[in-house]
Structures are given as structure tokens and as C-alpha cells.
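Below is one structure, written out as C-alpha cells; the observations come after it.
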Number of protein chains: 2
Amino acid sequence: MRATEDLPAGGGGPAEGARRADDGTPAGEALPAGAGVPTGEGAPGAGQDTVAEVVRQWRAVYPGLDTGPMEIIGRINRCAALLQQAEDAPLGRAGLTRPEFDLLGALRRTGRELTPGELARETFSSGAAVTKRLKQLGARGLVERRGDPRDRRVARVRLTGAGQEAVDGVMPAQLAHESAVLSGLGGAARGELAPLLAELLGRLEGRPGTPRT
Amino acid sequence: MRATEDLPAGGGGPAEGARRADDGTPAGEALPAGAGVPTGEGAPGAGQDTVAEVVRQWRAVYPGLDTGPMEIIGRINRCAALLQQAEDAPLGRAGLTRPEFDLLGALRRTGRELTPGELARETFSSGAAVTKRLKQLGARGLVERRGDPRDRRVARVRLTGAGQEAVDGVMPAQLAHESAVLSGLGGAARGELAPLLAELLGRLEGRPGTPRT
DNA sequence: ACCAGGTCTTTTACTCGTAAAAGATGCTCG
DNA sequence: CGAGCATCTTTTACGAGTAAAAGACCTGGT
């Protein structure tokens with residue numbers, strides 16, 4: 001997760017490697033956030049996820065440890081990974097990657113010009129990454145840049161007409177696609193997940209949250 | 001996304017790019033999964049997450065669209081991104097990245113020798129990535145490989161004593177760290193999240209789920 | 001005015017992961 | 001038996017992201 005997103009996918013902002021892109025996570029560290037248990041496995045039934053089996057294996061190895069956190073964190077990580085693969089079909093059709101869409105989306109939702117630095121913060125990515133993406137999106141005619149007259153260090157980036165059309169053309173399909181991915185989830189579950197995740201995310205964001213370079 | 005994990009983090013398996021993050025998410029596509037709203041924002045209070053603000057912006061732009069999916073998917077992506085940054089402190093201290101830990105963890109939890117292909121499936125990463133990690137972990141003396149006598153195409157990988165010590169030394173700290181990250185989340189919320197995420201993950205994994213190369 | 005220090009963006013060097021091709025075996029079937 | 005195809009792993013080529021340094025530009029104090 002990377003941590004990239006801009007919202008049709010539900011929310012936040014820019015990409016990440018969730019990223020992760022992974023980041024996914026860059027050269028961070030590597031705790032056990034949920035290795036799957038892709039191998040055969042006995043249980044046939046529904047409702048079995050790979051994380052459950054991995055947790056079972058770990059408990060057998062370390063009977064004394066509390067594996068509770070794995071069941072939440074591992075699942076979030078795994079869900080994010082699968083969602084990012086499944087989620088991006090409409091974007092791919094439009095010839096956009098998620099980080100690119102996140103950037104365009106930030107401009108569209110805020111409705112104003114943004115500087116590269118602001119875009120980096122909105123999309124939770126590094127300034128260097130934004131520079132590269134702007135170069136590509138500019139070459140494709142989706143964004144324009146002009147210098148700020150007041151402060152010549154600063155650039156101001158805005159969507160072109162084609163850029164806005166691209167976002168407006170993809171967004172409905174993206175939201176519909178995400179809706180489809182979540183279908184099959186009981187209505188009750190859907191209603192409960194959002195607030196619970198909001199609480200968790202609020203806590204996580206409370207801490208400074210490792211600002212980007 | 002990346003999307004790498006092996007469990008202490010809660011779950012699933014290997015990385016992803018998340019990323020991989022990914023992003024994160026590798027070169028997938030880019031729906032709006034939750035661009036943050038890092039900018040000022042008016043609301044001061046607690047319980048405000050960045051995704052909420054992004055959703056608000058999108059709704060203002062597209063009043064007719066159902067932004068519900070964003071509130072779940074965007075938050076999952078953003079949580080995964082933040083968790084992967086916050087989560088890996090103990091691993092870093094041990095000199096391991098998460099993908100490396102995922103690999104070692106797969107060997108530890110299964111308790112047997114695995115082939116590179118099996119490791120790739122367990123850790124949800126590509127075979128090429130496993131090859132590279134095995135080279136590094138082998139050079140550090142954490143894993144050993146020997147040829148399978150029956151089938152010389154196949155390699156068999158196992159933890160060395162040092163490798164097992166590394167996992168056993170880090171795992172408790174990692175779980176404790178993850179527990180700390182989740183503290184602050186009400187006990188009720190903690191109890192509800194795991195089964196809800198399990199249901200979602202089960203659905204997501206039901207589909208083939210883009211097998212790795 | 002000048003200069004030390006800070007801000008904003010881009011560039012550079014590097015790492016990591018992937019996809020696709022290449023190698024090396026094993027297996028089946030005529 | 002051996003040709004052709006499948007399987008397992010590694011290699012190659014490349015794209016993307018990051019951190020850190022470099023550039024360019026403001027600003028406040030003296």
C-alpha cells in the first residue's frame with residue numbers, strides 16, 4: 001500500500017504503495033502481517049480465508065502469544081492487496097494507473113490549482129514521485145502547469161479539459177466497480193465496516209503518521 | 001501495498017506491492033481508493049479521518065454518485081499503508097524487511113522445507129522476488145537450500161538455526177507492537193472488525209485472485 | 001544592501017519488484 | 001526410446017518509487 005488511493009476506492013487520497021504498494025511498503029521492515037495460506041488446506045467451506053489458516057499455524061508454533069492483532073492487521077493488509085488488483089480494471093481501461101488517477105482526482109475534487117507539494121500531501125506520496133507523474137501526465141495533455149507569479153519557486157498545476165474529461169469518464173465506472181466488488185458482503189457488514197474502519201484510521205492518523213519526504 | 005505480510009501483522013501473507021503499496025500496488029490501475037485530505041481542514045475534533053473529507057469533496061463534485069464503497073475501500077487502503085509504516089519497527093531493529101520476514105515466517109510456521117514456488121505462493125509474491133530474497137537471506141545465513149534428490153528442478157529451502165532464532169526473537173516484539181498499535185481501538189471494535197474483515201476477505205479470495213506469475 | 005537560512009521542486013543514484021524469456025529437468029505417449 | 005510438452009527456477013530488462021543532494025528562489029535580520 002502502498003498507500004495510494006484517491007477515493008472511488010473508498011477514500012482517502014493518493015496511492016502508496018500499498019503500494020504498496022506495497023507497497024508495498026518501501027524498504028521498511030517486515031513484520032508478519034499476514035502470510036496467506038494458499039496451500040491446499042483442508043477446509044472446503046466458505047468463510048475460510050487465508051489469514052485464518054496462517055494464524056492457526058502461528059498459534060501452533062507459539063501457543064503463548066496473542067495472535068489477535070494478526071487477525072485484524074493481516075486481513076487489512078491482504079484485503080488492500082486484493083482490492084488494489086481487483087479494483088483497478090476501469091482505470092486500466094482508461095490508460096491510467098492508480099497513482100496517476102489519485103493525482104488527477106486530487107485536482108478534480110479540490111477544484112483548484114495545486115502545487116506539486118500539495119499534490120504530494122494529498123496523494124500521500126513523495127515529492128519526487130509527483131514530479132515524475134506530472135511530467136507524464138503533462139506529456140499526455142491531462143494537466144497543465146504554470147509558474148506562480150508571486151513566488152517563482154512554486155508551480156501551479158491544474159487539470160486540462162482532457163484531464164477533467166478523463167476523471168469524469170472514469171469515476172462512475174470506478175465507483176460502480178467498487179460497488180460490485182463489495183457486493184456479496186451483507187448489507188449489515190457493509191454498514192458496520194465503514195465506521196469501524198473510520199475509528200481505526202482516525203487513531204492511526206492521530207499519530208503524525210510518518211510524513212512523506 | 002504493497003501488500004506484504006506474513007502475519008504478526010494480522011494476516012495474510014506476503015507482500016504485494018502494496019507497496020506494495022503499493023504502492024503500492026504495482027502497475028495496476030488506479031481507482032480512487034482514498035486520497036487523503038491532509039490539508040488543513042476545518043474540523044478539529046477527534047474521529048475525523050482523511051477519508052471522510054475526501055469523500056465529502058467527491059460528493060460535492062458528483063452529487064449523484066454513490067460514494068459508499070469509498071468509505072470502506074479507501075479506508076482499508078489507507079489503514080494498510082499506515083499500518084505497514086507503523087508496524088515494522090521491530091523488524092527494522094532486527095535488520096529485516098517485511099518481505100524477508102514473511103518468507104522466514106512461512107518457513108517457521110509451516111515447520112517444514114518449502115520450495116521457492118511454495119514460498120512464492122505463501123508470501124503472495126512473484127517467483128523472481130523469492131529468488132532474490134533467498135539469495136540475500138542465504139548470504140546472511142538465515143536459510144539453507146539443498147536440491148531435491150527426486151527432482152532436480154526443485155530446490156528445498158529451510159531455516160537455519162540462526163534463521164529460526166531471528167524469527168523467534170522478533171515475533172513476540174512484533175505481536176506486542178501490533179497490539180499497541182491497535183490499542184486505543186475499543187475492545188468492542190476490535191472484536192467486531194476481525195470477523196467482518198474475514199467475511200470481506202473470504203469473498204475477495206473466492207475469486208481466483210490474480211495468481212502470481 | 002547583503003547574507004544566512006528556509007522553502008519548494010527537481011535531479012541523481014539506487015533499490016526493489018515485476019514480466020517475460022531462458023535454462024534445466026521431468027514426464028507422457030506414440 | 002525419444003520427441004514434445006509441462007514444470008520449476010533463475011536471469012534479464014525495465015519501470016517505479018524513494019532518499020538525499022542539488023538548484024532556484026524567498027525572507028528576515030543587521
Side-chain angles (χ1 to χ4, degrees), chain A residues 1-4 14-30 81 84-85 97-100 102-103 114-121 123-138 145-157 210-213, chain B residues 1-4 14-28 30 81 84-85 97-100 102-103 114-121 123-136 138 145-157 210-213:
Chain A
M1 108 353 203
R2 271 168 260 106
T4 138
E16 161 85 358
R19 141 329 253 257
R20 16 145 347 13
D22 97 291
D23 101 2
T25 305
E29 295 103 30
Q84 294 191 357
Q85 291 194 335
T97 64
R98 178 195 290 273
E100 288 168 346
D102 285 346
L103 196 161
L114 296 173
T115 67
E118 288 172 331
L119 282 168
R121 284 187 289 278
T123 61
F124 300 103
S125 50
S126 69
V130 168
T131 296
K132 287 188 178 178
R133 273 173 223 145
L134 286 176
K135 195 175 301 182
Q136 293 190 145
L137 293 171
R145 58 188 306 155
R146 63 186 183 85
D148 182 311
R150 302 283 189 192
D151 182 343
R152 281 183 303 179
R153 291 169 304 179
V154 175
R156 304 196 143 272
V157 180
T210 311
R212 260 3 200 135
T213 304
Chain B
M1 264 155 134
R2 278 125 293 316
T4 137
E16 159 100 344
R19 107 151 270 294
R20 70 101 23 300
D22 56 178
D23 136 343
T25 305
Q84 293 191 358
Q85 291 193 335
T97 63
R98 179 195 290 272
E100 286 168 349
D102 284 347
L103 196 160
L114 296 173
T115 67
E118 288 173 330
L119 283 168
R121 284 186 289 276
T123 61
F124 300 104
S125 50
S126 69
V130 169
T131 295
K132 288 187 179 178
R133 291 199 270 264
L134 287 175
K135 196 175 299 182
Q136 292 190 146
R145 60 188 305 156
R146 63 187 183 81
D148 183 313
R150 303 284 189 189
D151 182 344
R152 280 184 303 179
R153 290 170 305 180
V154 174
R156 304 196 142 272
V157 180
T210 310
R212 261 0 201 140
T213 303

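Lettering follows sequence order; numbering is per chain, from 1.
- Between A:L103 atom CG and C:dT9 atom P the separation is 13 Å, expressed in whole Å.
- Comparing C:dT25, C:dT9, D:dT10 by their closest approach to the side chain of B:R145 singles out D:dT10.
- Among the nucleotides C:dT18, D:dC8, D:dT11, the one closest to any side-chain atom of B:K135 is D:dT11.
- Within a 6.0 Å sphere centred on CZ of B:R146, heavy atoms belonging to other residues, nucleotides or ligands number more than 12.
- To the nearest angstrom, P of D:dG15 lies 14 Å from CD of A:E100.
- Residue A:D102 contributes atom CG, which lies 15 Å from atom P of D:dA16 at whole-angstrom precision.
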Candidate pair A:L134 and A:L119, rule side-chain contact (heavy atoms from CB on, under 4.5 Å), full reasoning: CA-CA 10 Å; A:L134 286 176; A:L119 282 168; 4.1 Å; yes
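- If you measure from atom CD of B:E118 to atom P of D:dT9, you get 8 Å, rounded to the nearest angstrom.
- Taking 4.0 angstrom as the limit, B:R152 places none of its side-chain polar atoms (N or O) nearer than this to OP1 or OP2 of D:dT9.
- At D:dA16, none of the side-chain N or O atoms of A:R133 fall inside 4.0 Å of OP1 or OP2 (strictly under the cut-off).
- Side-chain nitrogen and oxygen atoms of A:S125 include none within less than 4.0 Å of the OP1 or OP2 phosphate oxygen of D:dG17.
- Nearest nucleotide to the B:A129 side chain, out of C:dG17, D:dA16, C:dT10: C:dG17.
- Mapping A:V130 and A:D151 onto DNA chain D by nearest heavy atom places A:V130 closer to the 5' end of the strand.
- We find that CD of A:Q136 is positioned 9 Å from C1' of D:dA16, with the value rounded to whole Å.
- Remark: A:R133 CZ to A:D102 CG distance equals 7.5 Å, nearest 0.5 Å.
- Considering only side-chain N and O atoms, A:S126 lies under 4.0 angstrom from the phosphate OP1 or OP2 of D:dT18.
- The distance between atom CG of B:D148 and atom P of C:dC27, rounded to the nearest whole Å, is 11 Å.
- Distances from the side chain of B:R153 to the nucleotides C:dG17, C:dT25, D:dG17 place C:dT25 closest.
- If you take CZ on A:R156 and OG1 on A:T115, they are separated by 7.0 Å, rounding to the nearest 0.5 Å.
- Whole-Å rounding puts the A:Q85 CD to C:dT18 C1' distance at 12 Å.
- Between B:D151 and B:R153 there is a salt bridge, since a side-chain N of the basic residue sits under 4.0 Å from a carboxylate O of the acidic one.
- Rounded to whole Å, the distance from CZ on A:R150 to P on D:dT27 is 11 Å.
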